[in-house]
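Working notes, beginning with the structure itself.
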Amino acid sequence: FFLFALIMICVRSSRDPRAFIQNGFWFFKLLILVGITVGAFFIPNGTFTTVWYYFGMVGGFFFILVQLVLLIDFAHSWSQSWLERAEEGNGKCWYAALLICTIILYGAAIAAVVLLYVYYTASAECVANKAFISVNLIFCIIVSVVSIQPKIGRA
């Protein structure tokens, strides 16, 4: 990734010869990716695996953070689109659709929490799992309540 980022510095259009490297050679890129994935299984245990573990944790954290931002942006764009359509005409239909989707998604979230409690907290030794699920549930409730406050809507 870093190598491709360096190669693409100052590339302004897809007609640049370096852009062909980014947009083409998919067979070789896939072959290299498979090779790296298979090769990772043959790395012996030691200092490298410990360092690799921490890189993975930091990378995973940033990946989840980016996915969260993208998910929130998608939800906001979807809501704004449907609210604009509601203002253009047939508002009750669009508001009802938005409300139904909201109820379905909250229902899915509740079902997911129930399944997490059922499958990941079965034994008495799963105190950490219960704590993580409960803390996430509490945060979701707090964010949901805060998000419908009038001051937040005006911000």
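Note that the numbering runs from 1 along the sequence shown for the chain.
Among residues two or more places apart in sequence or in another chain, the ring pair (Phe, Tyr, Trp, His ring centres under 6.0 Å) test is passed with Y53 by none. Residues that satisfy the side-chain hydrogen bond (donor to acceptor under 3.5 Å, both in side chains) test with Y106, not counting sequence neighbours, are S144. Applying the ring pair (Phe, Tyr, Trp, His ring centres under 6.0 Å) rule to W82 yields the partners W78, W94; only residues at least two apart in sequence or on another chain are considered. For S81, the side-chain hydrogen bond (donor to acceptor under 3.5 Å, both in side chains) test picks out no residue, with sequence neighbours left out. Partners of L31 by side chain to side chain contact (heavy atoms under 4.5 Å, CB included), not counting sequence neighbours, listed by chain and number: F27. With sequence neighbours excluded, no residue satisfies side-chain hydrogen bond (donor to acceptor under 3.5 Å, both in side chains) with T49. Partners of Y117 according to the side-chain hydrogen bond (donor to acceptor under 3.5 Å, both in side chains) rule, which considers only residues two or more places apart in sequence or in another chain, are S134.
Taken from CD1 in I104 to CG in L99, the straight-line distance is 10.0 Å, to the nearest 0.5 Å. Here OH of Y119 is found 15.5 Å from CG of N129. Values are rounded to the nearest 0.5 Å. Between L105 atom CG and I110 atom CD1 the span is 11.0 Å, to the nearest 0.5 Å. Distance CG/L71 to CD1/I64: 12.5 Å, rounded to 0.5 Å. To the nearest 0.5 angstrom, Y54 atom OH is 7.5 Å from T50 atom OG1. Note that the NZ atom of K130 and the CG atom of L137 stand 15.0 Å from one another [nearest 0.5 Å].
Hydrophobic clustering, with ILVMFWY side chains joined whenever heavy atoms are under 4.5 angstrom apart, groups L115 together with I141. Tracing side-chain contacts under 4.5 Å through hydrophobic residues (I, L, V, M, F, W, Y), one never reaches I100 starting from L98; they form parts of separate clusters.
V51 belongs to a hydrophobic cluster whose other members, connected by ILVMFWY side-chain contacts under 4.5 Å either directly or through intermediates, are F55. Cluster note: V58 groups with F61, F62, L65 through ILVMFWY side-chain heavy atoms spaced under 4.5 Å, whether in direct contact or through intervening members. Grouping Ile, Leu, Val, Met, Phe, Trp and Tyr residues whose side-chain heavy atoms lie under 4.5 Å apart, directly or via other members, places L68 in a hydrophobic cluster with I72. Members clustered with I32: I36, by chain and number, using a 4.5 Å side-chain heavy-atom cutoff among hydrophobic residues.
No more than 12 heavy-atom neighbours from other residues, nucleotides or ligands sit within 6.0 angstrom of CD on E125.
In this structure, S79 contributes its side chain and A75 its backbone to no donor-acceptor pair below 3.5 Å. Although no hydrogens or angles enter the test, the distance criterion places a donor-acceptor pair under 3.5 Å between the side chain of N136 and the main chain of F132.
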Check: residues 40-47 side-chain donor-acceptor pairs under 3.5 Å, at least two apart:
none

